[in-house]
Protein chains: 2
Amino acid sequence: MKYITIIDLARRLNLSKSTVSRALAGDGNVSKETQDRVRELAQQLGYTRNDMAVNLRQKQTKSIGIIIPEIVTPFFMHVVSEVQRELNGRHGYRVLLAQSNENSDIELANLRMMEEFRVDGILLSVCSSRNNIPEYLRLKEKGMALVFFDRIVPQFSASKIEINEYAKSVLLVEHLIEQGRKKIVHIAGPEYIYNSTERLRGYKKALAKNGIAYDPTYVIPCDLAAEAAAAKITYLLDNNIDFDAVFCFTETQALGVKKLLSKQKIAIPDQVAIACMSGTTLSTLVHPTLTSVEQPVDQIASAAIQLLLEKIENPTAEDRTIVVDAQIKIRESSAVD
Amino acid sequence: MKYITIIDLARRLNLSKSTVSRALAGDGNVSKETQDRVRELAQQLGYTRNDMAVNLRQKQTKSIGIIIPEIVTPFFMHVVSEVQRELNGRHGYRVLLAQSNENSDIELANLRMMEEFRVDGILLSVCSSRNNIPEYLRLKEKGMALVFFDRIVPQFSASKIEINEYAKSVLLVEHLIEQGRKKIVHIAGPEYIYNSTERLRGYKKALAKNGIAYDPTYVIPCDLAAEAAAAKITYLLDNNIDFDAVFCFTETQALGVKKLLSKQKIAIPDQVAIACMSGTTLSTLVHPTLTSVEQPVDQIASAAIQLLLEKIENPTAEDRTIVVDAQIKIRESSAVD
DNA sequence: TTGAAAGCGCTAACAG
DNA sequence: CTGTTAGCGCTTTCAA
């Protein structure tokens, strides 16, 4: 594939390549007339700038990396897609994506890969808030623009987009309480995910606010799989521990719980309500009894871009945290919705 | 961020940069001893090659683009993720992703963007099998490596990964028939998506094979939204058209249908069974009555990579089509599953 | 086995 | 306003 270069243009116009370059860049130091001539020919010949050459010269790659824990949750993909759109279009950045499959080792490999690709910055949502801290530190000290989002690392100082999981959680649990639920089980996320500890905090707060005693029996840490959540519920049933609601960390867990309760002929939501937070189309379509919360994807994306570009432009800029206070919209679907 | 270059290495070792380059490349024309010295220092100083320089020199970008119609269906993301992993790892390619949001104009913009980024090849799953054909042609004639997958364009000659929708469809419909269903509605996809016409063909074939008369009333073209599918079913109900099964084009449609039937107090699957093809975790967890089919994601990904690299290496290579005959696994969930 | 030199396409001093 | 020159980091002849 033969591409037109500024040299081609220069030759045809009897100009030096510098002038052509300037004309194309809209430098100002070039006569209106030549500028027009150059641009017209460029247009006509279908010239497009060779970014590799520019980047080599400029010592940047004009590309950024996004690393997310997994790709099945539509939330992440929505953010990625939005960031991509914005960064491709307005800023001319290439966006490289990698997913870690909830595995810190893969995450590490992904970080290394991005570094090898010499991306100008990395948007990161972590698998675990402890496993790769030394690597985050190394990158940061090396001057890599590194911005965390959603799954952040609380004890690591960096720019972050934090989602107010605590507030969301309080709201959701209070919503259950308002419906008369008092024995609310919390299928929590693993403690190495910060979001999960925040949600737990919200859960406790909601109980306290409403004068319901906190019972540790009702809080069950659990990994992210549907089966794991189902197993926890089975345990409760087997031990005759009574409950009237289940608040899950993830949608997947909620699905697992729902499946199990159905199998046990336990009426949803008459006997037990199920809740989780999520912003997916699927879940609201699907869960007869699911209360959900919407994530402000666009806000998150644009905040992430802002902080990232800030760091890219000025690597020594101060770290900033933007807390996205979700437009919390409780959306209760009826049993047949 | 200061990076070590071969010149740095050369200086410290009193060698020319050519020799260093050769040593690093494992050229062979360099003494074992210098080779070792170079490599050791490189290792020690954390040298990594600057791909931009290489690519500029080599006149390629070592990057490919993937354009998919949407990102919500996990199937696409699984393929993307797999291609990414493989291409990043083994082949050192960067992978750029873009989604067209089921809109041919956006798809066109995405194609243009990939071209501007000078990707070495494009993996494409189209929105419509007619709207952008002139653009596909232009790219192909320009020498761009272009490989279609899943959502292909039958009348356009190019390398493709085709999924045997016909066979899958026959199987699924026959499965319904075996259960005693005779009045099977087909909520079809729009005719500008090839896969949808293939599935329709399969539907007809299954009926014919089993001696069931084909009734056009039962075939309802429908766009991809859940609401659209629900509306079609409403129409059938309002007009007292009797049916005992619904075979949908997409999972989303199936969800819409399910929702509507529930609302109308129609028992699933006792009165009406719902089926669609899909390979998502969600759907099997979620649909009490859904029969699904698994997509061989890895096969698709590796076939796509193979054809793409083939075209990149030799742009004049003949077009090839690989038909992926899904490992068709009917997975029937019980009502409480 | 090694080095010197050219060049990929572009930008940015510097000079005129 | 325009041209000359140098150089980003690397590979690849061509000579030695």
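Per chain, numbering begins at 1; letters A, B, ... match sequence-line order. Just so it is clear, the structure is predicted and the values come from calculations on it, not from any experiment.
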Quick one, which residues of residues 40-49 of chain A touch DNA chain D with a heavy atom under 4.0 Å? none

State, yes or no, whether a side-chain contact exists between B:E107 and B:Q99 at a heavy-atom distance under 4.5 Å. no

Hydrogens and angles aside, do [X] and [Y] bring a side-chain donor and acceptor to less than 3.5 Å of each other?
X: A:R39; Y: A:Q35; result: yes
X: B:T48; Y: A:R118; result: yes
X: A:S302; Y: A:Q299; result: no
X: A:N314; Y: A:T316; result: yes

Interatomic distance, [X] [atom1] vs [N] [atom2] [rounded to whole Å]:
X: B:K59; N: C:dA6; atom1: NZ; atom2: P; result: 19 Å
X: A:N55; N: D:dG9; atom1: CG; atom2: P; result: 13 Å
X: B:L56; N: C:dG7; atom1: CG; atom2: P; result: 14 Å

Going 5' to 3' along nucleotides 1-6 of chain D, which nucleotides have protein heavy atoms under 4.0 Å from the base (write B), which only from the sugar-phosphate (write S), and which from neither (write -)? SBBBBB

Touch check for B:T5, heavy atoms < 4.0 angstrom, all strands: base, sugar-phosphate only, or nothing? sugar-phosphate

Any sub-3.5 Å donor-acceptor pair from B:S100's side-chain atoms to B:E102's backbone N or O? no

